Each structure stands twice: as C-alpha cells, then as structure tokens.
Amino acid sequence: MKMLRLPDLNNLHFDMFLPEYAADRKVRSEMGEMKERTCSHSSNPNASSQIANDFCDRLQIYMVLTDLEKKAIGTICFLGGPITLMENVLILGVIATSAMLRRKPSYLFIGSLALADVFASCFFTTSFLDFHLFRRCDGPTGYLFKLGGVTMAFSSSVGSLLLTALDRYLCIHQASSYRVLLTRRRAMLSLLILWSITIFISSLPLMGWRCPTVLNPPCSCLFPFISQAYLACWTTFILILLTLILVAYALILWKAHRHESSMTSLQGASGARQARMRMDIRLARTFGLILLILVGSWLPVLTFMLVDVSIYLTRNQQRAFAFCSTLCLLNSAVNPLLYALRCRELRIALLQCLPRSCGFGRCKNSTNDLNPTGQSAEDNCATVSDDTLAARTPQLNSVCEIVNSKSS
C-alpha cells in the first residue's frame, strides 16, 4: 500500500494563493533588511558609513545654494547675527539693571522681545550656517532640536510684539483703567503663558509630530523631517499673531484720529495751524514704519511656507526662501531701534549705564532723571482725559512717550 505524503508546511508559500500577503511579506522583508543594516553599524564601520552617506545624499535636496549665494547669505548672517545679539543684550542689560523700568509692564514686554531676539540671533545664525554653508548632516533629533530653537525664538518674538501692541491699545482705549487692567503681575503672567505656548508648539516635532516618511519621500521642500500639517499650523499661528498686531495698531490710529478730529473742530483756526503736529499723523507715520518692516520681513517667508504645503517647490524657489528667511533675522536686529530706543526713559537709563557715566562699578541709579515728576513707576499710563492728552500732544515724540506720558 502506497502512503500518502503530506506537503511540508514549512516550505509552503502562501503568497502563491494570496497576492496581498506576498506584497506585505516583501515590505516586511525590506524593513527587516533596513533594520538589520542599521543595527549592525556598531560592528560594521563600512555599513555605518554607507548609511550616513545615503542619509546625507537625501539631505542634498535642501542644500540648494550656489557658492555665490553662500557668500552673500554668509555675509548677512555673520554681520546680522552678532549685531542683533549685541543690541538686544544691551537692551536686556539696561532693563535688568533699572528697578524703575523693571516695574513697568511696557518694559517687561520690551524685555521679552529682546530676549526672544537674542535667542533668534543665536539659534538661527548657527543652525542656518551649519546646514546651508557647512553642509552638516544632522539626524532627525539633532535637526529638529535646532529648528525648534529657531521656531521658539521667532514665535516668542512675534508674540512679544503682539503684547506690546495690546499694551499700547489698552493705554489709549482704556486710559482711565489702564493701571487696573494691566498690572505688573498680569504682565508677568501673560509673558509666562506666551513663552509656555511657544515652547510647546516648537517642541511638537521632537515629541513625534514629524514627517511619517522621513526623507523617502520628503514631506516638505523647505524643512527636512517636518510634516506639512505642522508647517501649516505654525504658519497659521504666526499669521493670526500678525493679524492681531495689525488690528491693534489700526484701532489705536482710529482712536487718535477721532480724538484729534474732535479737538480740531473745537479749536477752529488755531487747530488747523497745528495740523502738521497732530498726534494721529505722527502715530500713522510711526506705525506705518513698524508695520511695513514687520510685514515685509514675515510675509515672504510665510507665503513660501503656505505654498510649500500645497505644491512642490522648485530649486529656485527654495533658494529664494533661504534669502527671505534672513529677513526675519534683520527684523530682530531692527526691533530694538523701533521699540526700545524710541522710549525716552530707556534712552536715559542707557546713558546712565555707559562706562563714561558709571566707571568700573555699578551703573548710577538716578531716579530723578527717569522720573522727573517724582511719580511712582505704577503711574505709567494713569487716568487721563482727552483734554490733558491734547495739551501734551505737541510734546510727544514717539509712541512710547505717548504711553508713558499718561502718568503726567
């Protein structure tokens, strides 16, 4: 009797019957080979070198600058980075050494802006030069850590600009209750919330919200390892902050224009002769310069990011984005000139802290110069009527003085 021989189940291939199983088996086999190559790099230096070379080759699609463009951007970063750092460190030092300035919410917001710009000058300059000029190939964790620092710095910078705009809005629109609405404690709480939000948002890629395909294929044409959903969310967040800044300054201008129009109608011809000195005109010029620099610095970068979410960018567009991103660094360099040094009290404190004034010791603490009327720091932007505001309008030379003159 002939015995029936059963097939060997170990050699039986189910892919002969299920094509889906065959495809899944092939994918798992490739993943196993990749894992095996990765795990064996410690014992096989050649394999480790090959993996690193393959990884760097994939990053080459982001390193698009020519030699001439590298020189131009390198010059901008090597000059703009240290200048931005020194300017903002100087502002931070002046505010930190002056007890009068530290007690005012307005200068707390300016200090937060200076601190964010210090981080921006450090993180952006080093990471940008490291990647585009020196072509350093970092792993996902290293690259996302550097990018997170840049994201945190610029997000906090724009957020501090928003708090500064809201401070000026409250001072103009809620002059009678300004000291009650915006205390030093509330200012510190708002800064704590701002920095907590920006740090959390910047850490999301490190916590796992990154490109699921890594670099094969890449999700974004502008940033390695970044998910398009995260890029869209961060861009929307910055656009919302910029929009709120524009709205706040528009409301300030509307309030100033309405006030000056009413005062001109009451003063008649004498008011018409002083039309050139009107507060709303000076505010319009100042805010126009501020908003022009702010929008001009951020709009090109944000536009490229939004386009990157929807379509595939060319190499020329990638190079244009690299140049536009340096505008954000230049904006951080201009911020001390627009927001800090236009304030008379801060300029006086700066002059007192110069070596010619204080020698080799501590800076002089002359509260009389900072507060000639003898009022306390909490009197910043106190109760004021439209008549007193109009009486002091010709003497105001900057937005910061308009805010601080409310106490006089």
Side-chain angles (χ1 to χ4, degrees), residues 101 103-113 158-191 193-194 240-267 271 274-275 277-292 294-295 338-340 342-346 373 375-408:
L101 299 182
R103 290 197 295 265
K104 292 189 175 183
S106 301
Y107 292 105
L108 293 179
F109 297 146
I110 292 178
S112 174
L113 175 63
V158 178
S160 299
L161 292 177
L162 175 61
L163 293 179
T164 302
L166 293 179
D167 172 54
R168 294 172 176 178
Y169 168 80
L170 291 176
C171 191
I172 298 297
H173 281 257
Q174 304 290 335
S176 59
S177 57
Y178 173 81
R179 288 192 300 165
V180 178
L181 292 175
L182 189 60
T183 61
R184 186 178 185 276
R185 182 177 181 179
R186 290 182 178 179
M188 294 294 293
L189 180 61
S190 63
L191 290 176
I193 294 174
L194 168 66
I240 291 174
L241 296 182
L242 293 176
T243 302
L244 293 177
I245 293 174
L246 294 176
V247 171
Y249 282 137
L251 291 175
I252 294 174
L253 287 176
W254 173 76
K255 174 70 174 181
H257 176 72
R258 189 179 65 171
H259 165 77
E260 290 296 327
S261 298
S262 62
M263 296 305 299
T264 302
S265 62
L266 293 176
Q267 294 174 357
Q274 295 179 357
M277 301 297 295
R278 286 175 47 161
M279 182 180 66
D280 58 343
I281 296 177
R282 290 198 307 277
L283 282 176
R285 292 175 180 175
T286 302
F287 291 158
L289 177 62
I290 291 175
L291 297 179
L292 178 63
L294 184 64
V295 174
L338 291 179
Y339 296 94
R342 293 180 65 88
C343 300
R344 180 175 177 271
E345 289 180 333
L346 197 145
T373 60
Q375 296 176 345
S376 62
E378 287 77 15
D379 289 337
N380 178 36
C381 199
T383 303
V384 64
S385 63
D386 284 346
D387 294 336
T388 56
L389 178 62
R392 278 189 299 274
T393 295
Q395 285 78 29
L396 302 179
N397 296 321
S398 69
V399 179
C400 193
E401 291 182 27
I402 292 175
V403 174
N404 293 320
S405 68
K406 295 286 188 175
S407 59
S408 58

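Predicted, not measured: the structure shown is a model, and the values here were computed from it. These numbers come from the heavy atoms of this one structure, side chains and all, not from hydrogens, waters or symmetry mates.
Among residues two or more places apart in sequence or in another chain, the side-chain hydrogen bond (donor to acceptor under 3.5 Å, both in side chains) test is passed with Ser112 by Ser160, Trp195. Contacts of Leu251 classified as side chain to side chain contact (heavy atoms under 4.5 Å, CB included), with partners at least two apart in sequence or in another chain: Tyr169, His173, Val247. Shown here are the side chain to side chain contact (heavy atoms under 4.5 Å, CB included) partners of Leu108, two or more places apart in sequence or in another chain: Arg184, Ala187, Met188, Leu191.
In plain terms, the two heavy atoms of Lys255 and Ile172 that are nearest each other are CG-CG2, 3.4 Å. Considering all non-hydrogen atoms of both residues, Leu181 and Gln174 come closest at CD1-CB, 3.8 Å. Looking at every heavy atom in both residues, Leu182 comes nearest to Phe109 through CD2-CE1, 4.0 Å.
To the nearest 0.5 Å, atom CG of residue Leu338 and atom CD1 of residue Ile110 are 11.0 Å apart. Atoms CD1 and CG, on Ile193 and Leu163 in that order, are 9.5 Å from each other to the nearest 0.5 Å. The NZ atom of Lys104 lies 9.5 Å from the SG atom of Cys343; values are rounded to the nearest 0.5 Å. Rounding to the nearest 0.5 angstrom, the gap separating the CG atom in Asp167 from the CG atom in Leu162 is 11.0 Å. The CG atom of Leu346 lies 6.0 Å from the OH atom of Tyr107; values are rounded to the nearest 0.5 Å. Once rounded to the nearest 0.5 Å, the distance linking CG of Leu289 with CG of Leu294 reads 11.0 Å.
Looking only at distances, a side-chain donor or acceptor of Thr183 sits under 3.5 Å from a matching main-chain atom of Arg186.
The shortest distance between side-chain heavy atoms of Thr164 and Arg168 falls below 4.5 Å.
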Dump the intermediate steps for side-chain contact (heavy atoms from CB on, under 4.5 Å) on Leu242 and Val295, then the final yes or no.
CA-CA 8 Å; Leu242 293 176; Val295 174; over 6 Å; no
